[in-house]
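The next block holds one structure in the form of structure tokens; read it before the comments.
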Amino acid sequence: AAVVGIICGAAWHTSFLRPPRLATTDAFVAAPVAVGRSFPSAASGPLARRFPRLTRRAAEPVAPEAPKAAPERYDFQAEVGKVMDIIVNSLYSNQEVFLRELVSNGADACDKKRFLALTERSALLEQLKIRIKADPESGTVTIEDNGIGMTKEDLIENLGRIARSGTANFVQSLKEGKADLNVIGQFGVGFYSAFLVADKVEVVSSSFHDNEAGRRTWKWTSSGDAFTIEEVPEEELFGLDSGTKLTLHLKRDAQEYLETGKLLTLLSKYSEFITFPIELWTEKVQYEQVVDESAPPPAAGEAPKMKSERHSTFAWEVVNKVKPIWLRSPDTVNASEYAEFYKTTFKAWDEPLTTTHFKVEGQVEFRALLFIPSTMPFELSRDMFSSRGHGMRLYVKRVFINDKFEDLVPRWLGFLRGVVDSEDLPLNVGREILQQSRTLGIIRKRVVRKVLDSINELREKEPEKADSLWMQYGKYFKVGLIEDAEYKSDLVKLVRFFSSASSDKTTSLPEYISRMKRGQKHIYFVTGEGRRAAEISPSMEKMKEKGYEVLYMVDPLDEMCATTIGDFDGNTFVDINKAGLDIDKSDVEKKELEEAAKVYEPMASWLKEKLGERVQKVQVSERLVDSMATLVQGEWGLSPMMQRYMQAQAATLTSQGAFQAGSRNHAILEINPRHPVIAKLKAAMETAPDADATKDMVMMIYETAALIGGYQIEDLGDFARRVSHLMSGKGGSDPS
């Protein structure tokens, strides 16, 4: 509990908060310091004036050590238990982010020093960098930078004062859920993430602001209950004129971070694209062949027996060698570089189908590099919305924040792979949870717009690739059309359906409109589980005779799309398998239909009586040409395909049978008065309405219409019996 005392102090490294952007800052590169550089031995000259501490150590005689002053002790001013509870349980959901926070602070310190060096001094003498070293023997992890550093006053103000800048009020507001969380850099919580893994923290720092002749090194130490500050002139920093070194004494449950491999994994995950080099103290193992002294002496003329001897060396290794390609101008990046970045970053083996690289300035500033994979990512092959398949990475100033953030792009773009790097995206104090901000909304809109533009460009310039895109991700765009009203007008032009005008290719709605017959006012469609089922639908007979093109809705998403669209370019969608189908008829056709309806009205009533609740009503059809009967739905009825889909989704219903019984209450049986079987049934009704053969014929007509229409047979046993009788000549041929 003592660890908590330091949370809400003013900003960790407040003195090196990122400065206002300069147009030329990114162009400067600090000159590296050569390893083993020799310095003048005399305490004079330009180097001595610039770095008096180094030259004094080299040139001045060693004076007797003065008695060391006792460390100054300070108490924290905070409710320790409550503050740490907020750190552990609210701000950070993952212990491992401590490394991300501390490395980010080091990068900020280096950035501030670079800015000041460019504006206040002529040049930088050394390359700015961050170094990380694990020491298993002492149980510590050291994170050091040669950035701006801190004075004694900075250490007291920035790392020890809790009741500053309204922090106490902030803590209370945070507990009440009323705090403004856009406060990165204001309360220094990033630094205090160190106490998630350490029970003691030491900070050694030397400030770039100190007078060069009187530069001093200070050590801040805390175990949570209080902190001490002392001057440590003997403490070495790798920075020539300033820097900060954090030493974390790890807790027992954080010993895994003493492994170099674990640190490398975290650095690769969170800090791969930090601007400044990150060096990790790494062991290099080499094996050398030496004579085995324990082996018997070799015989004359034989070579001595050899053995492998292990040699370990340690060296600083740069871990962030991959440069953020999205920071470069698109004109300077070629296709092979994009492909290599895509494969390396997203562990992909295929080539990207499209690449979109852009920068946005104005209301917000961010860069983005987006890829559409040429094949469906494996994680999405079984579940198209699997959380494991998220491929959009969010960075803020090159620091990785999250790759599971669902609001960066809508879920119908879940197959997208890419990075978004923002300069001013508001985060909470833990850098983990994005707020529903105006900035995020703008980023989302721009990303979606760029993706849609790239797809439209692909469709115009490379139609074969556009077809491949649709085959892989067509369902996503249909989901977007159904769910995302904001982009309905864009997606309605992208979605494609199978059509009676093409045997194997899909067509878009604009293409369908271009082929419509003169005077046609509707977009006709038919539902069926697969193209073949849609093609053989009895309702297609009249449409083919009239020459109308019909879209095939071959899965529930297609049917939902038709319902969602409703109207496209002034043309309404019409399901030809529903009652009330209005097809252009000549006067002769209208007269024949009226006469047939009168003649068969008694038979229609009789059939309704025999079939009972299976159908809503029976009527003469105007859509049939060759088939004897068909089942259609009323205006608000569900197609059989949609019924099965709804049945599968209705897990909370107490009975499947109850759903099935209610699902057909809109079914209408339409009969073809010109078909010989219907004429034969009419004769049987008039001569032997109660005969078993007549009843079998009624059920055979109904069940045949149900089967071809995609409905399920209620009693397969009875159906099989009737088919057997029909095949043996025992049923239906002679009702009398």
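Numbers here simply count residues along the sequence, with the first being 1. Computed over heavy atoms, backbone and side chain alike; hydrogens, waters and symmetry mates excluded.
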Can you name the side-chain contact (heavy atoms from CB on, under 4.5 Å) partners of S387, sequence neighbours left out?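 S387 satisfies side-chain contact (heavy atoms from CB on, under 4.5 Å) with H390 only.
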
By side-chain contact (heavy atoms from CB on, under 4.5 Å) - contacts of E259 (at least two apart): K262

Could you check whether [X] pairs with [Y] (Lys NZ or Arg NE/NH1/NH2 to Asp/Glu carboxylate O, under 4.0 Å)?
X: E144; Y: R131; result: no
X: K152; Y: E231; result: no
X: E126; Y: K113; result: yes
X: K129; Y: E279; result: yes

Between W281 and F238 (judged by ring centroids, cut-off 6.0 Å), do the two rings come close enough to count as a pair?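 Ring centroids of W281 and F238 are no less than 6.0 Å from each other.
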
Step by step, would you call L246 with T244 a side chain to side chain contact (heavy atoms under 4.5 Å, CB included)? CA-CA 7 Å; L246 280 74; T244 299; 3.6 Å; yes

Within the 3.5 Å criterion, strictly below it, is a donor on E283 or S312 matched to an acceptor on the partner's side chain?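 Distance-only check passes for E283 and S312.
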
Using the ring of each side chain (for Trp, its six-membered ring), is H357 parallel, tilted or perpendicular to Y338, with breaks at 30° and 60°? perpendicular

For Y270, what residues pass the ring pair (Phe, Tyr, Trp, His ring centres under 6.0 Å) criterion, not counting sequence neighbours?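 For Y270, the residues satisfying ring pair (Phe, Tyr, Trp, His ring centres under 6.0 Å) (neighbours in sequence not counted) are F400.
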
R393 charged N/C atom sitting above F346 aromatic ring, 6.0 Å / 45°: yes

